[in-house]
*Asks:* 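Take a look at this one; I'll ask things after.
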Amino acid sequence: ALQSLASRTPLNVTLNGEVDRLPPEVEAAGYYVACEALANAVKHADASRVTISLEQTDGRLVVEVEDDGRGGADPTGDGLRGLADRVEAYGGRLVVSSAPGGGTRIRGEVPCGS
């Protein structure tokens, strides 16, 4: 699904990593992290390049999306706050790093379940 999303995005998108199939709700939460981060890079960041990295570690799916845009994303804005709420509903966490002029990194961590 992420390959299809990347191919439809009007930016240069690189996918790194691969994970095994996970419970549908975990996969959905990870997909939403990637979707929202890509949408923000296209709409607000003036980015030219995005990297999506996937990892399954310590019982968690980690999805990290980093762009080379202008930075300054507001983690309390409606889109990112809603995304954080979704990730937290599954016991995960969302971290947004976005210094002005330095691009944006959004990292979502979602427990994979038992």
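Heavy atoms only: backbone and side chains are in, while hydrogens, waters and symmetry mates are out. Numbers here simply count residues along the sequence, with the first being 1.
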*Asks:* For the hydrophobic clusters of this structure (ILVMFWY residues joined by side-chain heavy atoms under 4.5 Å, transitively), does one cluster hold both Y31 and V63?
*Replies:*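 The answer is yes; both residues are in one hydrophobic cluster.
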*Asks:* Under the side-chain contact (heavy atoms from CB on, under 4.5 Å) criterion, do N40 and K43 qualify, and how do the steps go?
*Replies:* CA-CA 5 Å; N40 285 347; K43 292 179 188 176; 5.7 Å; no
*Asks:* Mark yes when over 12 heavy atoms from residues, nucleotides or ligands other than N16 sit less than 6.0 Å from its CG; otherwise mark no.
*Replies:*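 Yes, the 6.0 Å shell around CG holds more than 12 heavy atoms from other groups.
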*Asks:* Please check if any side-chain donor atom of D68 sits under 3.5 Å from a side-chain acceptor atom of S48, or the reverse.
*Replies:*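 Their side chains do contain a donor-acceptor pair, which is all the 3.5 Å distance test asks for.
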*Asks:* Heavy atoms, side chains only, cut-off 4.5 Å: are T76 and R81 in contact?
*Replies:*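 They are not in contact (no side-chain heavy atoms under 4.5 Å apart), so the answer is no.
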*Asks:* Tell me, do E18 and L54 make a side-chain contact under 4.5 Å, heavy atoms counted?
*Replies:*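 The answer is no; the side chains never approach within 4.5 Å.
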*Asks:* Do E109 and L61 come within less than 4.5 Å of each other through their side chains, counting heavy atoms only?
*Replies:*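 SC-SC contact between E109 and L61 ruled out.
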*Asks:* Let me know which of I52, V87, V110 forms a side chain to side chain contact (heavy atoms under 4.5 Å, CB included) with V33.
*Replies:*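 Single side chain to side chain contact (heavy atoms under 4.5 Å, CB included) partner of V33 among I52, V87, V110: V87.
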*Asks:* Looking at side-chain heavy atoms only, is the closest gap between T51 and V65 below 4.5 Å?
*Replies:*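 Of all side-chain heavy-atom pairs linking V65 with T51, none is under 4.5 Å.
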*Asks:* Which heavy atom of C112 sits nearest to which heavy atom of L22, and what is that distance?
*Replies:*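 Smallest interatomic distance, heavy atoms only, reads SG-CD2, 3.8 Å.
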*Asks:* Walk me through whether D74 and L80 qualify under side-chain contact (heavy atoms from CB on, under 4.5 Å).
*Replies:* CA-CA 8 Å; D74 179 5; L80 289 175; 6.0 Å; no
*Asks:* Can you check whether V50 reaches T14 side chain to side chain, under 4.5 Å on heavy atoms?
*Replies:*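 Of all side-chain heavy-atom pairs linking T14 with V50, none is under 4.5 Å.
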